[in-house]
Amino acid sequence: MLLDVKNLAVSYAKNSKPTIEGVSFELDEGEILAVVGESGSGKTTVIRAILNVLPGGGSVSNGTIIFNGRNLGELDNSGWRNLRGKDISMIFQDSGAMMNPVHTIGKQFVEYIQTHSDLDKKAAYDMAIEKLTLMNLPNPENILNSYTFELSGGMRQRVGIAMAITFQPKLLLADEPTSALDVTTQAQIVGELMFITRGTGAAMILVTHNLGVASYLSDKLIVMSQGKVVEAGKTQQVIQNPQHEYTKSLLASVPEMGRRRYV
């Protein structure tokens, strides 16, 4: 087992009601887990807790997160630096917003690679070119010489994915990676995420409100509402035979075309 989350709770102030609580799931190598639910249900909090990047003073107030046999709650700052970006990587909703707008993509990408490796600048640059090419980005040299505001949303997401997979992490955390994109680009990004995970054997946790994307990509599905897991199981089992009323309402909200609902 790659990841074992048990009874996870996250709070943002002492003695306050947890934002999420009682979240438990398991993930094996190569598996994709989708976490779905409406905005504010706690989806993003779950993956931020795994990577220990909770905003606003948030902290894990209960439960355990075991990754590859290690209790993440026991890591110090040095341990987290060694883990993040190499064994666990994150793809953000808008990767461009997570990069410095006053530095080129290349400066940031090369610095990222050198931070996590012993490569010199030339070797790091060549690795960046290789990863951008893998993401079907045309003229990767031009991309590296560009600033984030000079790229389209789809291009920024591809750059973010390229950076996240640079060191072939065992676990990818994807936070609404397609929500800010048009439908055509969404389909391309989904295909590339599927190619990466199936091709490298990486596991992935995908946070999304799009049940169609969750159905297509994931092996397992968790449905969250008001900070709690209300339903969980194999993706097709949950979608074809939902048990909880909230899950049924989510499925009912998916538009129909030709009397068919595409999930």
Side-chain angles (χ1 to χ4, degrees), residues 3-25 27 33-67 70-103 108 111-112 115-116 148-149 153 156-157 159-161 163-164 169 171-181 204-210 214 222-230 232 246 250:
L3 182 69
D4 184 13
V5 176
K6 278 191 171 63
N7 203 31
L8 179 66
V10 170
S11 301
Y12 283 90
K14 280 189 175 181
N15 303 319
S16 67
K17 187 180 187 307
T19 301
I20 62 169
E21 57 183 330
V23 177
S24 299
F25 59 86
L27 193 63
L33 167 71
V35 185
V36 302
E38 62 190 306
S39 296
S41 60
K43 306 185 301 296
T44 296
T45 300
V46 170
I47 59 172
R48 282 186 171 272
I50 292 170
L51 199 59
N52 194 31
V53 289
L54 290 162
S59 62
V60 173
S61 53
N62 194 37
T64 57
I65 304 170
I66 308 296
F67 171 73
R70 302 169 68 187
N71 186 342
L72 299 189
E74 297 175 352
L75 293 183
D76 57 14
N77 289 336
S78 176
W80 278 113
R81 279 195 300 271
N82 291 330
L83 189 74
R84 293 190 191 112
K86 295 192 74 174
D87 290 331
I88 305 178
S89 288
M90 190 161 181
I91 303 167
F92 295 91
Q93 183 171 355
D94 181 357
S95 294
M98 305 310 295
M99 289 185 261
N100 193 323
V102 302
H103 294 300
Q108 297 176 76
E111 183 179 296
Y112 168 72
T115 297
H116 293 287
T148 55
F149 60 84
R156 287 197 299 267
Q157 282 305 90
V159 170
I161 295 170
M163 294 180 75
L171 176 62
L172 278 170
L173 306 174
D175 186 13
E176 299 273 13
T178 65
S179 65
L181 307 175
M204 180 168 68
I205 301 178
L206 172 72
V207 166
T208 182
H209 64 271
N210 188 322
I222 283 177
V223 182
M224 291 192 68
S225 177
Q226 298 181 359
K228 296 181 179 180
V229 175
V230 297
Y246 180 73
L250 281 182

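Because the structure is predicted, anything quoted here is derived from the model rather than measured. Nothing fancy with the numbering, it's 1 onward along the sequence.
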Main-chain N/O of Ser59 paired with Tyr12 side-chain donor or acceptor, under 3.5 Å: no

Closest contact, heavy atoms only, Pro177 versus Ile91: CB-CG2, 4.1 Å

Salt-bridge contact Lys17-Glu21 (side-chain N to carboxylate O under 4.0 Å): yes

Gly37 to Lys43 - nearest heavy-atom pair and separation: O-NZ, 3.0 Å

Spacing of CG belonging to Leu250 relative to OG belonging to Ser41, to within rounding of 0.5 Å: 8.5 Å

Test item: side-chain donor near acceptor, Asp175 and Thr44, under 3.5 Å: yes

Side chain to side chain contact (heavy atoms under 4.5 Å, CB included) between Val23 and Met224, intermediate numbers included: CA-CA 9 Å; Val23 177; Met224 291 192 68; 4.1 Å; yes

Working for side chain to side chain contact (heavy atoms under 4.5 Å, CB included), residues Asp87 and Leu171: CA-CA 6 Å; Asp87 290 331; Leu171 176 62; over 6 Å; no

From CE (Met99) to CZ (Phe149), nearest 0.5 Å: 13.0 Å

Rounded distance [0.5 Å steps], CD1 in Ile205 versus CE in Met90: 10.0 Å

Asn77 atom CG: more than 12 heavy-atom contacts under 6.0 Å: no

Min side-chain heavy-atom separation Leu8-Ile20 under 4.5 Å: yes

Donor-acceptor under 3.5 Å (Gln157 side chain, Thr178 main chain): no

CD1-CG distance between Ile88 and Leu3, expressed to the nearest 0.5 angstrom: 7.0 Å

Expected output: side-chain Ser89 to main-chain Ala164 donor-acceptor under 3.5 Å: yes

Nearest atoms (heavy-atom pairs only) where Ala9 meets Pro18: CB-CB, 4.4 Å

Side-chain touch His116/Arg81, heavy atoms, less than 4.5 angstrom: no

Under 3.5 Å side-chain donor-acceptor pair for Glu38 and His209: no

Arg70/Leu75 under side chain to side chain contact (heavy atoms under 4.5 Å, CB included): CA gap, chis, key distance, verdict: CA-CA 9 Å; Arg70 302 169 68 187; Leu75 293 183; 3.2 Å; yes

Side chain to side chain contact (heavy atoms under 4.5 Å, CB included) between Phe25 and Val35, intermediate numbers included: CA-CA 11 Å; Phe25 59 86; Val35 185; 5.9 Å; no

Arg84 side chain to Val53 backbone, donor-acceptor under 3.5 Å: no

Glu176 to Thr208 - nearest heavy-atom pair and separation: OE1-CA, 3.5 Å

Contact summary for Ala49 and Val60, nearest pair of heavy atoms: CB-CG2, 4.2 Å

Side chain Ser24, main chain Asn7, donor-acceptor under 3.5 Å: yes

Any donor-acceptor N/O pair, Asn52 side chain to Arg48 backbone, under 3.5 Å: no

Check: Leu33 and Met204 side chains under 4.5 Å, non-hydrogen atoms: no

Whether Arg156 side chain and Ser95 backbone form a donor-acceptor pair below 3.5 Å: no

Note, Val207 side chain near Gln93 side chain (heavy atom, < 4.5 Å): no

Closest non-hydrogen atom pair, Ile50 against Leu72: O-CD1, 3.4 Å

